[in-house]
Amino acid sequence: MLDTKMLRENIAQAQWRLRTRGDAADLSAFKELDEKRRELLKEAETLKEKRNSASVEIGRMKKDGTDASVEMAEMQKVSARIKALDELCADRERELNALLLMIPNLPHTTVPVGKDANDNVTVRQWGTPAQFKFAPLEHTDIGESLGIIDAGRAGKLSGARFTLLKGAGALLERALISFMLDLHTKRHGYTEVLPPFIVKGEMLVGTGQLPKFEADLFKIDGWDSYLIPTAEVPLTNIHRDEILEDEALPVCYAAYTPCFRKEAGSYGKDVKGLIRQHQFDKVELVRFTRPESSYEELELLTGNAEEVLRQLNIPYRVVALCTGDLGFSAAKTYDIEVWLPGQGRYREISSCSNFEDFQARRAGIRYRPKGGKPRFIHTLNGSGLAVGRTLVAVLENFQQEDGSVVIPEALRPYAGGLEKIDKKR
RNA sequence: GGAGAGGUGGCCGAGUGGCCGAAGGCAGCUGCCUGCUAAGCAGUUGUAGGGGUAACACUCUACCGAGGGUUCGAAUCCCUCCCUCUCCGCCA
């Protein structure tokens, strides 16, 4: 949610910045509602002041035994007027709030202006895609032939966009999760969290998935609760309605969770394989920071996520999303794209964003600067990494001509010493 | 699922219609005092919104789990809901 005071003072500039994201929000509606609300509020508060002082006077008169019925009758009318004004004001406020909840964050000044993913800018590249002496297979083929991915039976159980990992596949998924969590907790200083996988609707409002993106979420029938689409939701909302101490910052959490998404509107996209699933595993990183340092910390966070791929020795590149490709709540985002030889291209495996105070304002997360008034904190998060896609990257990058897959060394201790997945005969 | 108890400021804890934004204590901050150990004295310390200011100051309004109601006036009375705790049942 954007700051109303800021909007009031910079409405033209804010409108322009929203346009660069391709957002159609019209801020003149905001302006109108905001002015109307303040007008009503002023009138109501003036009357309340009057009522308060009159009530004290009435109390005094009654104690003295003076007749106060005239004053009481007068105040009865005032109270009725106040009630009416309060209702009108609350209506405006609700409308205003509903409007603000649908307006996306403003892009940071360093975000390249552009229309869509084609205008994203590659900021760095790491590793060199391996040259294969044979035609590299896609992970689906590798997985099926090794007997570690069973798409058919997953379909029988749950339908399209679900998967079933088996044997070394399941082991590898688990190894990747442990490997990533260890890296982030032991080397990067994150505190491990295992949050609930079901959260209340208001939490999703806090991080920005609601109210606008309800269609992407799995709602629990009969409850105002949802399956989490990402650990970002429970992690960021951990400190909802809290004031963090300055010395505690930055607060950094890492969590493994499954993620549940309807993938509405992606029909026909990535229909086979592990790339796009209704349920997938992810290790998520979240940081709560002071506003002054949030952009430095975005670089840090992105680096933390990249380190996973460096350790695994898998080539990737980092892309700065342009204004038109930014997510709803983000002020700036880097995507990490991993090299997939089977597909012959880079695919998104992580998304690291600074939300500035956009989520903090929605979720009421503040901190107290030394000796100062509470301020909204800045929230950041990033995948570190999407586990299923990392498994895909491992299978495709380390496939051998004989159909086996060599396990990256960093992963072996987590996979019970397994060095290679061989074809079953 | 059944029975009972309770939700007040950073914490503990008073407060059953006006003098309560809320006693008292603890913690915190400021000043003083004292060369002796987490001592003593005085003062001070919530959040949000509106108005106001260059910015302060200042000022008004709201907030005692949430939402309604009664009343000139509600932390205090009434209704609904939520949450926590204890006991029983069930369960991983």
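Letters A, B, ... are given to chains in the order of the sequence lines, protein chains preceding strands, and every chain is numbered from 1. Keep in mind the model is a prediction, meaning the values are calculated, not measured.
- For the P atom pair drawn from G6(B) and A74(B), the interatomic distance equals 25 Å after rounding to whole Å.
- Listed by first then second residue, pairs satisfying ring pair (Phe, Tyr, Trp, His ring centres under 6.0 Å) with a partner in residues 227-251 of chain A read H239(A)-Y253(A), H239(A)-F288(A), not counting sequence neighbours.
- None of R368(A), R290(A), R375(A), K373(A) except one satisfies the salt bridge (Lys or Arg N to Asp or Glu O under 4.0 Å) rule with D246(A); the exception is R290(A).
- On the C1' atoms, C63(B) is 14 Å away from G67(B), given to the nearest whole Å.
- Among the atoms of the strands shown, none is found under 4.0 Å from any heavy atom of E71(A).
- Judged by distance alone, the side chains of T379(A) and Q359(A) do bring a donor and an acceptor atom under 3.5 Å apart.
- Of the N and O atoms on the side chains of D67(A) and S69(A), at least one donor lies less than 3.5 Å from an acceptor on the other residue.
- Residues satisfying the salt bridge (Lys or Arg N to Asp or Glu O under 4.0 Å) test with K212(A), not counting sequence neighbours, are D23(A).
- Comparing the same atom, C1', in U80(B) and in A27(B) gives a spacing of 38 Å after rounding to whole Å.
- For the pair L418(A) and L171(A), the minimum side-chain heavy-atom distance is below 4.5 Å.
- Distance check on atom P: G24(B) versus A14(B) gives 15 Å, rounded to whole Å.
- Looking at heavy-atom distances under 4.0 Å, K373(A) makes contact with sugar-phosphate atoms alone, never a base.
- Pairing for G40(B) goes to C32(B), judged as Watson-Crick or G-U wobble with the two contacts each under 3.5 Å.
- In this structure, H184(A) contributes its side chain and G384(A) its backbone to a donor-acceptor pair below 3.5 Å.
- Separation of the C1' atoms belonging to C29(B) and C81(B) is 40 Å when rounded to the nearest angstrom.
- Under the side-chain contact (heavy atoms from CB on, under 4.5 Å) test applied with N354(A), the options L298(A), L301(A), T333(A), T302(A) reduce to a single match, L298(A).
- Between T46(A) and R38(A), the one whose closest nucleotide on RNA chain B sits nearer the 5' end is R38(A).
- Residue whose closest nucleotide on RNA chain B sits further toward the 5' end, between Q76(A) and N52(A): N52(A).
- Checking A23(B) for Watson-Crick or G-U wobble geometry (two distances, each under 3.5 Å) identifies no partner in any strand.
- Think of the region where chain A sits on RNA chain B: with heavy atoms and a 4.0 Å cut, that region ends 5' and 3' at G18(B) to G73(B).
- Within 4.0 Å of K50(A), counting heavy atoms only, lies no atom of the nucleic acid at all.
- Using a 3.5 Å distance cut-off with no hydrogens or angles, the side chains of T207(A) and Q209(A) do pair a donor with an acceptor.
- Near RNA chain B, meaning a heavy atom under 4.0 Å away, there are no residues from residues 233-243 of chain A.
- In this structure, U71(B) makes no Watson-Crick or G-U wobble pair, since no nucleotide meets both defining distances under 3.5 angstrom.
- If you check every strand for non-hydrogen atoms under 4.0 Å, R8(A) touches sugar and phosphate atoms only.
- Taking atom C1' on both G35(B) and G28(B), the two are 26 Å apart, rounded to the nearest angstrom.
- A side-chain contact (heavy atoms from CB on, under 4.5 Å) with V405(A) holds for exactly one of D422(A), N397(A), L395(A); it is L395(A).
- When both distances must be under 3.5 Å, the Watson-Crick or G-U wobble mate of C91(B) does not exist.
- When Watson-Crick and G-U wobble pairs are counted only if both distances are under 3.5 Å, A48(B) pairs with U61(B).
- U16(B) sits 10 Å from A75(B) when the C1' atoms are compared, rounded to a whole Å.
- L41(A) comes within 4.0 angstrom of the backbone, heavy atoms only, and of no base.
- Heavy atoms of M75(A) sit under 4.0 angstrom from primed sugar atoms or phosphate atoms, though from no base atom.
- Across all strands shown, C56(B) remains unpaired; no Watson-Crick or G-U wobble contact has both distances below 3.5 Å.
- Side-chain atoms of E192(A) and Y256(A) include no donor-acceptor pair closer than 3.5 Å.
- Residues satisfying the salt bridge (Lys or Arg N to Asp or Glu O under 4.0 Å) criterion with E35(A), sequence neighbours excluded, are K31(A).
- Taking atom P in both U8(B) and C12(B), the straight-line distance is 7 Å, to the nearest Å.
- When Watson-Crick and G-U wobble pairs are counted only if both distances are under 3.5 Å, U84(B) pairs with A5(B).
- Side-chain N/O atoms of S329(A) and N105(A) include no donor and acceptor closer than 3.5 Å.
- Contacts between residues 78-102 of chain A and RNA chain B, defined by a heavy-atom separation below 4.0 Å, involve S79(A), K83(A), listed by number.
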